[in-house]
Trainee: 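Structure below; questions to follow.
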Amino acid sequence: MNNNLPKRISIAILSFNFLILMHINIRNFGGPIGLPTAYLIWIGIVLYIAASIWTVAVSSRFIEPAMLKYLLLFICLSLLTVSFNPILDYHSFLYKTLGTIGGAIFFISLHQLKLTAFERDRLLFVIFISGVIEACIGIVQYIAHGHISSFIASTRGSIYGNFQQPAVFASYLATAIVISLFLVSRPLFRRLNKLCRACIFLFVAAIGFTLYLSNSKTGLIGMVLGVSVLLIARIRICKKIQKTVLCWSLALAIGITCAYSAEEIYFHRTILFTSKSAGVRILLYRSSSGMVKDKPILGCGFGNFGSKYLYYQKKFLQRHPEYKKDVENLYISHPDNEILYRLAESGIVGGVGLIVLLSAFGYMIFKLGREKGGLYLSMVLPIAFHTQVEYPLYQSAVHWMLFLILVYLPSSHFTKNVSPRLNGVVRIVIAACTTGITILMVLFLIRTLRAHMDLVKYNKLVSSKGQIRIELLGPALENSYLEQIATRIFMDARLRIALSKNKTDWIREYADWSKHERIATPLSALYVRESMALYALGKKGQAFDLVEEGLSLYPDKSDLLETKLTLITKEIQSRIKGKIRL
């Protein structure tokens with residue numbers, strides 16, 4: 001009983017993350033900071049890691065995954081490039097590094113949980129049910145349109161569940177569908193009564209219905225890939241349960257057919273399926289490839305992609321002006337392709353680490369054989385495919401957690417037990433340190449969530465009532481995770497006040513701050529505000545040059561064009577007034 005208690009606690013934490021926390025809707029204002037729900041997910045992950053460390057300390061048994069050395073090699077080679085490249089965006093570097101290392105720790109912690117086949121099925125069933133819950137949220141968004149309870153994320157003309165984007169939502173549903181096909185072949189499903197089995201098929205239909213309504217090609221392709229590989233891998237078993245597989249297929253087909261027949265689907269498809277044309281992706285990929293060609297060995301530096309990309313896109317557009325029509329005029333922090341991302345930031349050195357890591361995973365799949373290896377591969381495919389066309393692992397903490405769990409499943413077959421010699425004092429020290437660090441991290445995440453909600457409140461007051469309440473930014477300015485975005489908001493608000501009241505010292509402070517901030521994150525808003533500040537300081541030539549520089553990075557960006565027109569108008573007016581005085 002006592003030996004199973006840590007495992008039960010760990011499984012309960014994961015289940016709570018999937019069944020409760022990820023579905024909680026907390027208001028957000030968009031932008032580069034992820035959904036506030038991610039803080040709750042991270043609290044669950046921190047508690048899980050703590051439970052794993054306590055288990056190792058108490059049992060004096062550490063389960064080492066065979067992939068550990070390859071994972072550490074990948075991390076070391078990725079970070080090695082920092083020694084040869086200056087860190088431009090310290091915030092991006094710090095939290096990407098912590099996320100990567102945290103992912104490795106969570107992956108190792110998962111191995112301390114020796115799941116039986118039945119426990120693994122139960123965990124996958126929990127993940128499937130979480131997909132069902134998200135599908136229900138999506139259906140409510142589709143039916144209720146804008147009239148939605150505050151407990152459910154409000155719709156923006158599309159279905160996205162509790163995620164940031166429809167494609168992220170769709171790849172999660174696609175993973176749930178693949179998992180459901182595996183579960184209907186397991187003893188866990190056969191133990192259910194007929195009513196429960198019918199409910200499972202109904203759930204599959206609901207997920208298929210919502211997946212199609214999300215209008216995500218990425219999600220649909222990921223589902224097809226995963227289901228196809230699973231059917232091929234487990235064809236022997238599928239033949240034995242033909243009726244069950246047929247019922248599952250009919251349920252999925254009925255759900256997709258009903259979605260296809262829905263009246264408003266054509267309107268949504270026109271918007272979402274054309275939102276990112278092939279030309280946009282070609283521009284993104286070719287510009288990112290220029291970064292790889294420029295620094296092929298060590299890349300531009302870990303965390304520096306967003307600081308560098310627009311300048312390479314500018315060079316590419318100068319050579320290929322026909323692609324200007326495909327520019328989205330947005331700040332780009334990721335090339336929508338994980339492999340290209342690694343090569344751009346870490347070069348061939350980081351690429352070697354990634355290839356070694358992928359090869360180790362492929363070898364495990366091969367060693368497990370077609371049935372078992374194909375099963376594990378099929379469940380990973382929807383998210384793995386998504387990482388090659390977008391960046392779900394950075395947008396969604398849930399995807400990050402789920403992906404590591406799915407990779408852990410095949411890795412759990414290749415481990416070795418290590419028995420470190422820990423005396424009573426060492427165990428107590430480890431347990432005490434783990435408890436202390438866990439408490440500090442949980443408190444930090446809670447404080448970050450609270451500060452985030454103050455940011456949301458600030459933004460709401462500005463947009464709805466035009467009120468600027470600087471005091472609401474205080475907690476975020478003192479928070480290391482939110483400090484960067486809070487500082488931008490604070491400096492922007494103070495510049496507005498300074499320009500209206502002619503506070504020269506504030507205006508000068510903004511210009512000095514923005515000059516350095518643009519190096520880390522060359523946002524169009526910084527070019528707009530800094531040019532206005534420079535003009536107010538009498539540095540008119542620099543102001544016009546800065547606007548032109550901004551337009552070279554963001555061609556035809558409306559706010560930059562408006563700023564240019566405003567500055568020209570002001571200059572004409574000042575000259576006319578000067579002549580009148582003469």
Trainee: A quick test of your reading: do over 12 heavy atoms of other residues, nucleotides or ligands sit less than 6.0 Å from CZ of R494?
Mentor: yes
Trainee: Just wondering, do T387 and P392 contact through their side chains at under 4.5 Å, heavy atoms?
Mentor: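 They are in contact (side-chain heavy atoms under 4.5 Å apart), so the answer is yes.
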Trainee: Considering residues, nucleotides and ligands other than K457, do more than 12 of their heavy atoms fall under 6.0 Å from its NZ?
Mentor: no
Trainee: Minimum heavy-atom separation for S130 and L19, please, with both atom names.
Mentor: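 For S130 and L19, the tightest heavy-atom pair comes out as N-CD2, 4.1 Å.
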Trainee: Less than 6.0 angstrom separating the ring centers of Y408 and F107, yes or no?
Mentor: no
Trainee: Can you confirm whether more than 12 heavy atoms, excluding those of K314, are under 6.0 Å from its NZ atom?
Mentor: yes
Trainee: Do other residues, nucleotides or ligands put more than 12 heavy atoms under 6.0 Å from the OH atom of Y285?
Mentor: yes
Trainee: Could you point out which residue of T175, V407, V168 forms a side-chain contact (heavy atoms from CB on, under 4.5 Å) with I383?
Mentor: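 Looking at T175, V407, V168, the match for I383 under the side-chain contact (heavy atoms from CB on, under 4.5 Å) is T175.
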Trainee: Quick one: does N337's side chain have a donor or acceptor within less than 3.5 Å of a partner on Q388's backbone?
Mentor: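 Judged by distance alone, yes, a pair lies under 3.5 Å.
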Trainee: Would you find a donor on one side and an acceptor on the other, under 3.5 Å apart, between the side chain of N17 and the backbone of M22?
Mentor: no
Trainee: Would you mind checking if K515 and E530 are paired as a salt bridge, meaning a charged N to carboxylate O distance below 4.0 Å?
Mentor: no
Trainee: Going by atom types alone, do T521 and R488 pair a side-chain donor with an acceptor below 3.5 Å?
Mentor: yes
Trainee: Verify whether the ring centers belonging to W506 and W513 lie closer than 6.0 Å.
Mentor: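 No, ring centres 6.0 Å or more apart.
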Trainee: Using modelled atom types only, decide if a donor and an acceptor are shared between the side chain of T81 and the backbone of S78 within a distance under 3.5 Å.
Mentor: yes
Trainee: Can you find a pair of side-chain heavy atoms, one from L561 and one from K557, that are under 4.5 Å apart?
Mentor: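 Side-chain contact under 4.5 Å: no.
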Trainee: In a check of side chain to side chain donor-acceptor pair (under 3.5 Å) between H386 and each of S171, S216, S396, which one passes?
Mentor: S171
Trainee: Could you tell me whether a side-chain N or O of H516 sits under 3.5 Å from a main-chain N or O of D512, the two making a donor and an acceptor?
Mentor: yes
Trainee: Is the closest side-chain heavy-atom distance between Y527 and D559 below 4.5 Å?
Mentor: no
Trainee: Please confirm whether the ring centroid of H91 lies under 6.0 Å from the ring centroid of Y481.
Mentor: yes
Trainee: Are side-chain heavy atoms of P522 and Y331 found at a separation under 4.5 Å?
Mentor: yes
Trainee: State, to 0.1 Å, how close L283 and Q313 come at their nearest heavy-atom pair, and which atoms those are.
Mentor: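 In this case the closest contact between L283 and Q313 is CD2-OE1, 3.9 Å.
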Trainee: Salt bridge between K564 and E548, side-chain N to carboxylate O under 4.0 Å?
Mentor: yes
Trainee: Rounded to the nearest 0.5 Å, how far does CG of L560 lie from CG of L551?
Mentor: 5.0 Å
Trainee: Indicate yes or no for a side-chain donor-acceptor contact from N304 to the backbone of P86 under 3.5 Å, with no hydrogens or angles considered.
Mentor: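 Here the side-chain-to-backbone pair exists.
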Trainee: Can you measure from CD1 (I13) to CG (L21) and round to the nearest 0.5 angstrom?
Mentor: 10.5 Å
Trainee: So, does E483 use its side chain to make a donor-acceptor pair with the main chain of A476 at under 3.5 Å?
Mentor: no
Trainee: Within the structure provided, determine whether I41 and W400 are in side-chain contact (heavy-atom separation under 4.5 Å).
Mentor: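 I41 does not reach W400 side chain to side chain.
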Trainee: For L472 and L455, run side-chain contact (heavy atoms from CB on, under 4.5 Å): C-alpha distance rounded to whole Å, both residues' side-chain angles, the deciding distance at 0.1 Å, then the answer.
Mentor: CA-CA 7 Å; L472 291 174; L455 282 180; over 6 Å; no
Trainee: Between the side chain of S500 and the main-chain N/O of I497, is any donor-acceptor distance below 3.5 Å?
Mentor: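 Yes, S500 side chain to I497 backbone: donor-acceptor pair under 3.5 Å.
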Trainee: Any carboxylate oxygen within less than 4.0 angstrom of a Lys/Arg side-chain nitrogen, looking at R496 and D492?
Mentor: yes
Trainee: Flag the pair S346 / L77 as yes when at least one side-chain heavy-atom distance between them is below 4.5 Å, and no otherwise.
Mentor: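 They are not in side-chain contact.
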Trainee: Any side-chain donor-acceptor pair under 3.5 Å between Y39 and H452?
Mentor: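 Indeed, the side chains of Y39 and H452 share at least one donor-acceptor pair under 3.5 Å.
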Trainee: Can you confirm whether L402 sits close enough to F18 that some side-chain heavy atom of one is under 4.5 Å from a side-chain heavy atom of the other?
Mentor: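 Side-chain contact under 4.5 Å: yes.
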Trainee: Taking all non-hydrogen atoms of both residues, which atom of G303 and which atom of D89 are closest, and how far apart?
Mentor: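 Shortest heavy-atom contact: O-CB, 4.1 Å.
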Trainee: Check G219 against A170 and note the closest heavy-atom contact, atom names and distance.
Mentor: CA-CB, 3.9 Å
Trainee: side-chain hydrogen bond (donor to acceptor under 3.5 Å, both in side chains) with Y95: which residues, sequence neighbours excluded?
Mentor: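 Partners of Y95 under the side-chain hydrogen bond (donor to acceptor under 3.5 Å, both in side chains) test: S480.
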Trainee: Does NZ or CZ of K315 fall inside the cone over Y312's six-membered ring, less than 6.0 Å from its centre and within 45° of the axis?
Mentor: yes
Trainee: State, with a plain yes or no, whether a side-chain heavy atom of Q395 is found less than 4.5 Å away from one of F163.
Mentor: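 Q395 vs F163: side chains apart.
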Trainee: So that I can tick it off, tell me whether R450 and D454 are bridged by a salt bridge, with the cut-off set at under 4.0 angstrom between side-chain N and carboxylate O.
Mentor: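 Here D454 pairs with R450 in a salt bridge, since their nearest N and O are under 4.0 Å apart.
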Trainee: Taking the six-membered ring for Trp, is the centroid-to-centroid distance between Y341 and F305 below 6.0 Å?
Mentor: yes
Trainee: Whether E345 and K96 form a salt bridge (side-chain N of Lys/Arg under 4.0 Å from carboxylate O of Asp/Glu) is what I want to check.
Mentor: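 A salt bridge is present here (some side-chain N lies under 4.0 Å from a carboxylate O).
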Trainee: Taking the side chain from T448 and the backbone from F444, do they hold a donor-acceptor pair closer than 3.5 Å?
Mentor: yes
Trainee: Which pair of non-hydrogen atoms, one from L534 and one from A511, has the smallest distance, and what is that distance?
Mentor: CD2-CB, 4.3 Å
Trainee: Given 3.5 Å as the limit, does a donor-acceptor pair link the side chain of S531 with the main chain of V528, or not?
Mentor: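 Yes, because the side chain of S531 sits within donor-acceptor range (under 3.5 Å) of the backbone of V528.
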Trainee: Using salt bridge (charged side-chain N to carboxylate O under 4.0 Å, His left out) as the criterion, list what pairs up with E562, not counting sequence neighbours.
Mentor: none
Trainee: Considering non-hydrogen atoms only, spot the tightest contact between F169 and G138 and give its length.
Mentor: CZ-CA, 4.2 Å
Trainee: Please output the side-chain donor-acceptor pairs of residues 535-542 that fall under 3.5 Å, not counting sequence neighbours, one pair per line with the distance.
Mentor:
unit_1: Y535; atom_1: OH; unit_2: E571; atom_2: N; d: 3.2
unit_1: Y535; atom_1: OH; unit_2: E571; atom_2: OE1; d: 3.0
unit_1: K540; atom_1: NZ; unit_2: E571; atom_2: OE1; d: 3.4

Trainee: Test side-chain hydrogen bond (donor to acceptor under 3.5 Å, both in side chains) on Y510 and E517; report intermediate values, then the result.
Mentor: CA-CA 10 Å; Y510 182 91; E517 186 69 12; over 6 Å; no
Trainee: Does any N or O in the side chain of D336 come within less than 3.5 Å of the main-chain N or O of R281, such that one atom is a donor and the other an acceptor?
Mentor: no
